[in-house]
Amino acid sequence: MAIGEFNLIRKYFHNIGRAPGVVTGVGDDAAVVDNRQGYQLVAAQDTLVAGVHFPQIADAEKIASRALRVNLSDFAAMGADPKWFTLGLTLPAIDQAWLCAFSTGLAETAEAFQCELVGGDTTRGSLNISIAMFGEALSGRALLRSGARPGDQVYVTGDLGQAAAALAFLSEDKSDLSDWQQQCVERYYFPQPRLAEGKWLQGFASAAIDISDGLMADAGHIASGSGVGVRLFWDQLPIASSLRDNLSPDALQSAVLSGGDDYELCFTIPEAESHAAEREARERGFQLARIGEVVAAPGGGGDNVCCLDNEGKPIQQPVTGYDHFADLPV
Ligand code: ADP
Ligand code: MG
């Protein structure tokens, strides 16, 4: 017997996660949540398209985890608290094994990050997962891309390049992958939203972004948002040794500088506060690397972000991250 849209929603999408403030969740015409005085509402949306953002055959539990985590990462980059989310789900057919795995992955991730599914929409078509996350930030305190000033120091959390390296073997059978390759695939499906770091950064970062399109492209967004330039130093970039050992120099540069999907935070701190920030980060167990500096915007239409090699020469890398419409005429 067919399960039908409404039973499907009840069976798989009720009681996913838990968050304070929910007055009415899944089941009415719209969700109602309480907002608190002294806080601003923060919203972010990310869509994953099968065949573009993940292989058609990818494990549903992992897709759900990734879909939620990339949204959570946007909240980390704002220093905001994620709370309530809606799910726009387009399915080619009803495959209950797939739905069961998907809702399990979604529930586990929502529990882990204390947010709750409060509504959505379910339609038929090519597989597409769109999550809109809502939450809050202390009024006037959300981290933006626009506050970096010349002299500020540039930092990144975690390490770079593994998720991008995974794209080369995402479609392969797990049992055919070596340990370092499996590690990269884990990083791709389970990016770590740096929520604690983001909230802490509200104290002193002048600008922040999460790295979804690639370090150069995203540092470039801070540069253009702030009207400055960014100079990065290749020697200072945090890179897992397994990646250094297994990629050619060109592939490594491309994964670290232009590869997306790391979802680490890139941010700037005024120089006068940088030592105190580094000390505090160590005390809190946050992994940060100082990777560059903010400079005055280059004149004459030059690139506003560059990465220098150990001889001080700019590394040639395309700065633009992934553009879904790059192949279409204007
Ligand atoms: P309406 O026709 O009023 O838009 P729907 O039939 O689309 O209502 O949805 C019924 C209820 O189920 C709503 O509360 C909606 O938010 C929720 N819902 C629909 N699809 C999903 C989903 N994929 N995940 C969570 N909630 C969903
Ligand atoms: Mg609807």
Side-chain angles (χ1 to χ4, degrees), residues 13-26 30-48 53 61-89 102-121 129-145 157-158 163 187-203 205 207-213 218 221 260-267 284 286:
F13 298 119
H14 268 239
N15 301 318
I16 300 264
R18 185 77 28 238
V22 180
V23 180
T24 303
V26 172
V32 180
V33 297
D34 279 328
N35 55 358
R36 293 190 292 167
Q37 209 172 6
Y39 289 81
Q40 288 172 316
L41 181 72
V42 179
Q45 179 145 17
D46 271 292
T47 299
L48 304 190
H53 297 98
E61 205 168 326
K62 290 183 178 157
I63 300 168
S65 151
R66 185 173 150 76
L68 201 47
R69 283 162 180 266
V70 301
N71 263 285
L72 293 165
S73 175
D74 282 323
F75 273 66
M78 302 300 284
D81 280 323
K83 293 242 160 93
W84 316 287
F85 65 101
T86 56
L87 168 66
L89 186 61
F102 183 84
S103 83
T104 300
L106 201 62
E108 276 172 13
T109 314
E111 298 288 344
F113 293 97
Q114 294 161 41
C115 51
E116 179 170 338
L117 180 62
V118 295
D121 200 26
I129 297 138
S130 189
I131 289 181
M133 179 67 74
F134 304 86
E136 49 188 28
L138 278 168
S139 286
R141 297 283 299 278
L143 296 169
L144 307 179
R145 299 176 177 183
T157 59
R187 283 290 297 268
Y188 181 84
Y189 282 116
F190 301 96
Q192 195 51 244
R194 301 292 184 184
L195 288 158
E197 287 86 339
K199 281 198 84 163
W200 168 70
L201 282 170
Q202 279 193 331
I209 193 167
D210 68 324
I211 304 176
S212 54
D213 290 339
D218 288 314
H221 292 315
D261 299 311
D262 283 319
Y263 296 99
E264 295 295 348
L265 298 184
C266 177
F267 54 92
R284 289 171 182 247
F286 295 156

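These numbers were taken from a predicted model, which means no experiment stands behind them. For the single chain, residues carry numbers from 1 onward in sequence order.
- Remark: Ser103 pairs with no residue by the side chain to side chain donor-acceptor pair (under 3.5 Å) rule, at least two apart or across chains.
- The minimum heavy-atom distance between Pro82 and Met133, with the atom names listed, is CB-SD, 3.9 Å.
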In residues 73-80, what donor-acceptor pairs under 3.5 Å come from side-chain atoms, sequence neighbours left out?
from  : atom 1 : to     : atom 2 : distance (Å)
Ser73 : OG     : Asp210 : OD2    : 2.7

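- Scanning for ring-ring contact (aromatic ring centres under 6.0 Å, His included) contacts around Phe113 gives an empty result, with sequence neighbours left out.
- When the salt bridge (charged side-chain N to carboxylate O under 4.0 Å, His left out) test is applied to Asp46, no partner is found at least two apart in sequence or on another chain.
- Residue Gln114 qualifies as open at atom CD: its count of foreign heavy atoms under 6.0 Å is 12 or below.
- Between Asp218 and Ser212, the closest side-chain pair of non-hydrogen atoms falls below 4.5 Å.
- With hydrogens and angles disregarded, no donor-acceptor distance shorter than 3.5 Å links the side chain of Arg145 to the backbone of His221.
- Figure legend: Arg66 and Tyr188 shown as a cation-pi pair, the cationic atom lying under 6.0 angstrom from the six-membered ring centre and within 45 degrees of its axis.
- Closest approach of Leu72 to Cys115, counting heavy atoms only: CD2-SG, 4.3 Å.
- Residues passing the side chain to side chain donor-acceptor pair (under 3.5 Å) test with Glu61, sequence neighbours excluded: none.
- His53 is not listed as a side-chain neighbour of Ile63, based on a closest heavy-atom distance of 4.5 Å or more.
- In this view, Tyr263 satisfies the ring-ring contact (aromatic ring centres under 6.0 Å, His included) rule with no residue, not counting sequence neighbours.
- Remark: side-chain polar atoms of Thr109 are not paired, donor with acceptor, to backbone N or O of Arg69 under 3.5 angstrom.
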